[in-house]
Number of protein chains: 2
Amino acid sequence: MPVRGQYAKGIAKREEILDVALELFTKKGYDRTSVREIARLAGLSQAGLLHHFSTKEELFIEVLRRRDVRNREEFRSSHGDPNSIRRLVSIVRHNMTQPGLVRLYVTMSAESTDVDSTARSFFVERYRSLRAEVAKDVRAQQRLGELSAELDPDAVASLLIAAADGLQIQWLLESDGPDMGVLMEQLWTALRHVP
Amino acid sequence: MPVRGQYAKGIAKREEILDVALELFTKKGYDRTSVREIARLAGLSQAGLLHHFSTKEELFIEVLRRRDVRNREEFRSSHGDPNSIRRLVSIVRHNMTQPGLVRLYVTMSAESTDVDSTARSFFVERYRSLRAEVAKDVRAQQRLGELSAELDPDAVASLLIAAADGLQIQWLLESDGPDMGVLMEQLWTALRHVP
DNA sequence: GTCTATATTGGGATAGAC
DNA sequence: GTCTATCCCAATATAGAC
């Protein structure tokens, strides 16, 4: 069936484009990355690329979406910790091996705060589900008596995620500064001490 | 003295340009703001503007520098609280009235993490001095017995600043979400409970 | 599905007059 | 100090052939 072969080829090329795009967006940010360059590194022309993703923004959203899916898969399988708070800490640690990727997320989430940004809804949804996930685990920890029942689970979730995000900026600016992983653990410890 | 008049005029125009530039960078970010547009809104031509700031980056750095100076002045005078931690909380509260400006800082600090960014050293220095200022107050609070002597002042400083930064992103994405000011106070309260 | 060629737009920066 | 005019470059996107 020739049709099947064509599909397979198209899909493979799509993946290759997404790989290259991730790499370039990561390295240089959205605005400074051209579709031309992505195309060249993926081994086709600009027009060829735009056959797969008809606009630059569409391509970009796909990159984000795929990256997020992979992140979640990775941490569900390799770090089987059912406590998403500890998982958050280990994600932060893991991120310290991938400055380029961290930079992509930091810059993209910042840019997505533009009211007209196409990526905005992606990030709104991402934070919403992340907060819900962490808040759920905070409640679990409260039931286990690990965490004071006085604490507002949603507030704690917001703060943990905010701290992780904010530390990334400081770390990107001074990689030999304070250790993000250690700081996150100290925060978690402090919260556990609240009576 | 005609010379004096010329200087005064030049300085006034410079200020006007910086005002407009701040507004536009704030609204659309660095890359999507053109020198042309800034010039037009400041009532001169692009070439005219580039007489005052010879490159776009130079203009940008000046915008940041001036904004930072004004911020510091404002909070030293109007919020005379000698405790920079409470001052940090009140800055966060104040920021909630200025989403555009918050967006500028969030996007610019994110972009500045590029190794080749001209603004990088500006932000590195900014975080360094901010951390030092907050850490100093943490030590003062420890001497007053308000805060556990076990806590590492530098770590607490990093975390407080990180939380403030991170919350801004969540707030920009969902302005009717959790209240940044309240959350910052909860964090501060939690830290004070650490034995 | 991929190409070449091109339309179209917009940007930063400079030259030189006033 | 400010202008007009222009250079030069890069970008996105489209048209149409293969």
Side-chain angles (χ1 to χ4, degrees), chain A residues 1-21 23-25 27-64 107-108 111 114 116-119, chain B residues 1-21 23-25 27-64 107-108 111 114 116-119:
Chain A
M1 240 166 158
V3 175
R4 211 199 166 293
Q6 279 172 6
Y7 280 160
K9 188 183 173 190
I11 289 170
K13 196 41 123 179
R14 234 183 105 95
E15 290 298 301
E16 194 184 344
I17 292 168
L18 287 170
D19 283 339
V20 172
E23 195 187 322
L24 286 182
F25 283 139
K27 210 179 331 190
K28 324 204 304 178
Y30 179 80
D31 283 313
R32 294 181 181 84
T33 301
S34 71
V35 175
R36 261 184 173 67
E37 194 181 358
I38 297 169
R40 197 171 45 78
L41 285 179
L44 38 53
S45 70
Q46 190 206 10
L49 189 156
L50 290 177
H51 168 75
H52 296 275
F53 306 92
S54 48
T55 69
K56 186 187 180 183
E57 283 216 320
E58 188 189 318
L59 167 60
F60 174 61
I61 298 284
E62 280 314 305
V63 168
L64 284 182
T107 53
M108 291 306 102
E111 282 209 36
D114 183 346
D116 299 329
S117 165
T118 322
Chain B
M1 242 166 158
V3 177
R4 209 197 168 295
Q6 278 173 5
Y7 279 160
K9 188 183 171 193
I11 289 169
K13 196 40 123 179
R14 233 184 105 94
E15 290 299 301
E16 196 184 342
I17 292 168
L18 286 170
D19 283 340
V20 173
E23 196 188 322
L24 286 182
F25 283 140
K27 209 178 334 188
K28 323 203 306 176
Y30 180 78
D31 283 311
R32 293 181 181 85
T33 302
S34 71
V35 175
R36 261 182 171 73
E37 193 180 359
I38 297 169
R40 195 170 46 78
L41 286 179
L44 38 51
S45 69
Q46 190 207 10
L49 189 155
L50 290 178
H51 168 74
H52 296 276
F53 307 91
S54 48
T55 68
K56 185 187 181 184
E57 283 216 321
E58 189 189 317
L59 168 60
F60 175 60
I61 298 284
E62 280 315 304
V63 169
L64 284 183
T107 53
M108 290 306 103
E111 282 209 37
D114 184 344
D116 298 329
S117 166
T118 322

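Letters A, B, ... mirror the listed sequences (proteins, then strands); counts begin at 1. All values reported here derive from a predicted model rather than from experimental measurement. Because only heavy atoms are used, hydrogens play no part in the values below, and waters and symmetry mates are left out as well, while side chains stay in.
The salt bridge (Lys or Arg N to Asp or Glu O under 4.0 Å) test applied to A:E15 returns A:R66, A:R70, not counting sequence neighbours. Evaluation of the side-chain hydrogen bond (donor to acceptor under 3.5 Å, both in side chains) rule for A:S45 yields no partner, not counting sequence neighbours. Among residues two or more places apart in sequence or in another chain, the side-chain hydrogen bond (donor to acceptor under 3.5 Å, both in side chains) test is passed with B:E16 by B:K13. With sequence neighbours left out, the side-chain hydrogen bond (donor to acceptor under 3.5 Å, both in side chains) criterion links B:S34 to no other residue.
Atom pair A:L24:CG and D:dA11:C1' shows a separation of 15 Å (rounding to whole Å applied). Atom-to-atom, CG of A:L59 to P of D:dA11 comes out at 15 Å; the value is rounded to the nearest Å.
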**Study point:** Letter per nucleotide, 5' to 3', of nucleotides 2-15 of chain C [B base touched, S only sugar-phosphate touched, - untouched; heavy atoms, 4.0 Å]
**Key:** BBB------BBBBB
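Residue pairs meeting the salt bridge (Lys or Arg N to Asp or Glu O under 4.0 Å) criterion with at least one partner in residues 35-57 of chain B, sequence neighbours excluded, are B:K28-B:E37.
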